[in-house]
Amino acid sequence: MEKKNIDWANIGFGYMPTDYRFVANYKDGAWDEGALTTDATITLSECAGVLQYAQTCFEGMKAYTTEDGHIVVFRPDLNASRMADSCRRLEMPVFPEDKFVEAIEKVVAANEAFVPPFGSGATLYIRPYMFGSDAVIGVKPANEYQFRVFTTPVGPYFKEGAKPITIRVSDYDRAAPHGTGNIKAGLNYAMSLYPIMEAHRQGFDENMYLDPATRTKVEETGGANFIFVTKDGKVVTPKSDSILPSITRRSLVYVAKEYLGLEVEEREVLFDEVKDFAECGLCGTAAVISPVGKIYDHGNEICFPSGMEKMGPVIQKLYDTLTGIQMGHIEAPEGWIKVI
Ligand code: PLP
Ligand code: COI
């Protein structure tokens, strides 16, 4: 298969249309079979549920080219089940999980020419999403929905790549207790736009959100979970009902325990403890593991001993093992890798 002529090493995290996307429609209480299409545009009612009341959710995962030339997707079954959770919370019809995984396989296979080659530093980002498509004017769920999957080749999420970033503690909250923080609803990201732009205007790469009820505990950022390393080499990651259950974080917990023999604590993390950690990173599909060098908190700065030049040693080991599994040169646990 001839690859597209793309400067793989220099693409950022942006949208580039690829040749095919998957579309399925829900009408009269049932999903149709769905099909691939080359049409990248959507025509909608002016009163569509997604436009009026933000009835939409999405997922994100990646396809990789392995060293021996296969194309693989990392744990799409977990994205399928998380999307089903999002749909239930938003009163949207679940797209069957097995059909979700099939749709991912079809779209990636159809866009093979856009899957970045092994070693290029780029990957194919896969974006499944669903939205209410028919008219609703009273506040209620739509009757009709569209489920779609598109792909786009991407490079690093943060322009720094593997260099540590600087973040700040946000004065805004991300998700209310018992709200929608644990699902991937579009509305969670709409509300993060002002705080992220404000962070950028002030020279920070991201926001650290604290728990809204007490503002004493670490939650997550706008698009990734936290992972910390203690001075004695333990991995600590915040547990909260209002953060997104990151598939990368769950995978790293397994990798830390089973591959690296590290002790792992998944628990509430007080912001007050953060200054005592040795390493900090953001983990997610887009972020992979992005090291954090500095956290700014209203005039106080936390500078991690790992510094601003490179990842700390434990985060580097986690990164190498996880990406090794994803790129196929480290053996994956059963069921983690879907070969396309
Ligand atoms: N937290 C938020 C708010 C996210 O948007 C994402 C991205 O999906 C993550 C965490 C990381 O989740 P995952 O590792 O499943 O990509
Ligand atoms: C992902 O990591 O897949 C996400 O959806 C994060 C998003 C903010 C790009």
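Along the sequence shown, residues are numbered consecutively beginning with 1. First listed ligand is number 1; within each ligand, the first listed atom is number 1.
Taking distance alone, with nitrogen or oxygen atoms compared against 3.5 Å, Arg82 approaches ligand 1 more closely than that limit. Ligand 1 has an N or O atom lying under 3.5 Å from an N or O atom of Ile247, backbone or side chain. Residue Lys184 places at least one N or O, backbone or side chain, under 3.5 Å from an N or O of ligand 1. Inclusion of Gly284 in the set of residues having an N or O under 3.5 Å from an N or O of ligand 2 is not warranted.
In this structure, atom 6 (C) of ligand 1 lies nearest to the protein heavy atom Gly223 O, 3.2 Å. Nearest non-hydrogen protein atom to atom 5 (O) of ligand 2 is Lys184 NZ, 2.7 Å. In terms of protein heavy atoms, atom 16 (O) of ligand 1 is closest to Thr285 OG1, 2.6 Å.
Not a single heavy atom of Ala286 sits closer than 4.0 Å to an atom of ligand 1. Within the structure, the closest approach of Arg174 to ligand 1 falls below 4.0 Å when heavy atoms are considered.
Ligand-side atoms of ligand 2 in range of Arg127: 5 (O), range being under 4.0 angstrom from any heavy atom.
In Lys62, neither the side chain nor the backbone holds a heavy atom less than 4.0 Å from any atom of ligand 2.
Contact check on Lys275 versus Glu301 returns no salt bridge, with no Lys/Arg side-chain nitrogen under 4.0 Å from an Asp/Glu carboxylate oxygen.
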